[in-house]
Amino acid sequence: MCGIVGYVGKRPVEDVLLPGLSRLEYRGYDSAGLAIHEGDSLKVTKTAGRIEALTEQLDGQKSGGSVGIGHTRWATHGAPTTSNAHPHLDCTGDVVVVHNGIIENWAELKKGLEKRGHAFASETDTEVVAHLIEDMGDAPLDETLRRVMQMAEGALALVVIRRSDPDTIVAGRRGSPLVVGRGDGEMFVASDIPAFLEHTRDMIVVDDDRVVSITADGATITDIEGNEVPVVERTIEWDLDAAERGGFESFMLKEIHEQPEAIADTLRGRIDDSGAVKLHELELDDRLLRAIDKVFVIACGTSYHAAMMAKYAIERWTRIPVEIDIASEFRYRDPVVDPRTLVIGISQSGETLDTLAAVRYAAAQGATLIGVTNVVDSALARESDAVLYTRAGPEIGVAATKTFTTQLVAMQLLGLYLAQVRASMDPGAIEYHIRQLNDLPTAVSKVVATSDEIKRMTERWTEVRDFFFLGRSGDFPVAMEGALKLKEIAYVRAEGYAAGEMKHGPIALIEEGVVVIGVATDDHVKTKTLSNMAEMEARGGEIVILQEEGDNGSDFADHVISVPAGPDLICTVTAVVPLQLVAYHVATAKGLDVDKPRNLAKTVTVE
Ligand code: F6R
């Protein structure tokens, strides 16, 4: 995710672009930049860091221009440095581009452009767009952008200006958000409404596969073939605060709803046409991956629950033994690590000190280290031998939601990749699982849409003092995560437990008034989980069964939640979503601030 804003009108352009970018910082904040038409030239200012750093660099100077574009970045290709910050230029400095999305075939396009003599100044996928437009010569800008969009695969919202067109901004959209705002003799284009809401409430909707040409007087929209399409306007009803959260009550709820898109981004460009996993970015020698005889997966909190799932995936698919460790415990048990050990550190932030300390310890023993993180160039990314980015976009809510489901997906991709390299799994089985992964965005959308049902189910739970979340096998990490979500945002005691272990002690705590949620989606064990849940029901617990659509055997339950049917590990992703919603609705019914739970920090940099 990144934030884009463009303006053409009568105001000093910095006065619109800088506040607009600040309102889009929730979409990314690792580097920022502006490009402005100034006399006969295009002036580009950019820097690593937040919008504040860009504002400081401009130091109050005004260009005198009133047409320009800006960008706030959340890196997916290339570190968050000044040279990778947008806008990006072609070789001549005539074309300037900002982009939100992922161009899957950028490496291929770049190779072709380099052969034709184009010199690149950044490591980004975006820069290919500027050079492709340059390559197409003087054709009208909207036409060249349409041609570029036909060549570029993946998700894009592109906004372009050209020195020879000083009054026009051209933008294109496919798969990434883009809206246009209409003012009085001025026009705006942005990734999201908050960027221009203080200036206008009149918005033009831009659909996918459309190119829009904007001047101060209005907008013309064409489809990808160049046919003009009608301009549809809407009036924005939200206030600024609500608009920043996309109309959701909180960032957490917004991020829960962003999961289908985030998962699609995690998968984007990582599966080839033959149905195989391609993780070229790992750049690890296949011989090394074949020689690995043990795997450790190390993480904290929610990321540790992704590690629990990863153990099942990697062991099942590669038959390599996998140990998982809570990062703060790892070093103190004198683990057996050697050069044939693969260590995978999972950390959303890539800065959690416990995780860093653990993986550094393992690396010092000669292990190969793969970092799985959401933050490009984070400490974990820099210190790892190879990195797999989860590409969830920035997460503002303290409780991890979309960063967790994307970790689950990234770890399944990694597990399948190891199986592919080691030939430990039938290619047909890999392809089958990949098809299921590809279906996840749709399946997760369906589950997210049940939010109101979950709200109704949880309405009477504001006074409940004890919750248990139970599951076996692949359902166990889901249960653990459900309990953690409820603890951290609703401040209520919630235990995540292996369903079969309850009878060895904790069942003594089950009585009337205790809510017990059983996750029963894993085909290998779901009937056993249901038997365990029947034991909870017999002790007076209020019983919730989370099952796959079409399942039966849960008649004894007080409530049933269904998620789309799928193979076991696929269901870890869909099944955790209702539990995120349970925590969310219980916490909001109690009047709590779900985005900033007490005593917690988004990134924990102390041991
Ligand atoms: C829970 C949560 C924390 C983090 C943990 C690790 O919602 O956010 O439990 O998962 O602090 O953080 P990262 O993944 O950044 O290492």
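Order of listing sets the numbers, starting from 1, for every ligand and every atom in it.
- Remark: aromatic rings of W317 and H433 are close, center separation under 6.0 Å.
- Between Y361 and F330, the angle of the ring planes goes over 60°, which puts this pair in the perpendicular group of the 30/60° scheme.
- Remark: minimum distance from atom 5 (C) of ligand 1 to any protein heavy atom is reached at C300 O, 3.7 Å.
- Looking only at protein heavy atoms, the nearest one to atom 2 (C) of ligand 1 is T302 OG1, 3.8 Å.
- Ion pair E323/R333 flagged as a salt bridge, since at least one NZ, NE, NH1 or NH2 atom sits closer than 4.0 Å to an Asp/Glu carboxylate oxygen.
- The atoms of ligand 1 that sit less than 4.0 Å from any heavy atom of S347 are 13 (P), 14 (O), 15 (O), 16 (O).
- The main-chain N or O of C2 is found under 3.5 Å from a side-chain atom of N100 such that the two form a donor-acceptor pair.
- Checked options D125, T126, T124; the residue passing with I103 is D125 (criterion: side-chain contact (heavy atoms from CB on, under 4.5 Å)).
- A 6.0 Å sphere centred on CZ of R382 holds more than 12 heavy atoms belonging to other residues, nucleotides or ligands.
- Near A399, with a cut-off below 4.0 Å to any heavy atom, the atoms of ligand 1 are 7 (O).
- Atom 11 (O) of ligand 1 has its closest protein heavy atom at V604 CG2, 4.2 Å.
- With a heavy-atom cut-off of 4.0 Å, K602 does not touch ligand 1 at all.
- Contact between K485 and ligand 1 is present, with at least one heavy atom of the residue lying under 4.0 Å from the ligand.
- Of all the atoms in ligand 1, the ones that sit under 4.0 Å from a non-hydrogen atom of S303 are 10 (O), 13 (P), 14 (O).
- Closest protein heavy atom to atom 15 (O) of ligand 1: S349 OG, 2.7 Å.
- Under a 4.0 angstrom heavy-atom cut-off, L380 registers as lying outside contact with ligand 1.
- Of all protein heavy atoms, the one closest to atom 7 (O) of ligand 1 is E488 OE2, 2.5 Å.
- Distance from atom 12 (O) of ligand 1 to its nearest protein heavy atom, with residue and atom name: T352 OG1, 3.4 Å.
- Contacts of A264 classified as side chain to side chain contact (heavy atoms under 4.5 Å, CB included), with partners at least two apart in sequence or in another chain: R268, P441.
- S191 places a side-chain N or O within 3.5 Å of a backbone atom of I4 that can act as its donor or acceptor partner.
- For ligand 1, the atoms lying closer than 4.0 Å to a non-hydrogen atom of V398 are 8 (O).
- Of all the atoms in ligand 1, the ones that sit under 4.0 Å from a non-hydrogen atom of A400 are 7 (O), 8 (O).
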For residues 462-481, please give each side-chain donor-acceptor pair under 3.5 Å, one per line with the distance, not counting sequence neighbours.
unit_1	atom_1	unit_2	atom_2	d
R472	NE	N532	OD1	2.9
R472	NH2	N532	OD1	3.1
S473	OG	D522	OD2	2.9
D475	OD1	T521	N	3.4
D475	OD1	T521	OG1	2.5
D475	OD2	T521	N	2.9
D475	OD2	D522	N	2.9
E481	OE1	T302	OG1	3.0
E481	OE1	H305	ND1	2.8
E481	OE2	T302	OG1	3.2
E481	OE2	K485	NZ	2.5

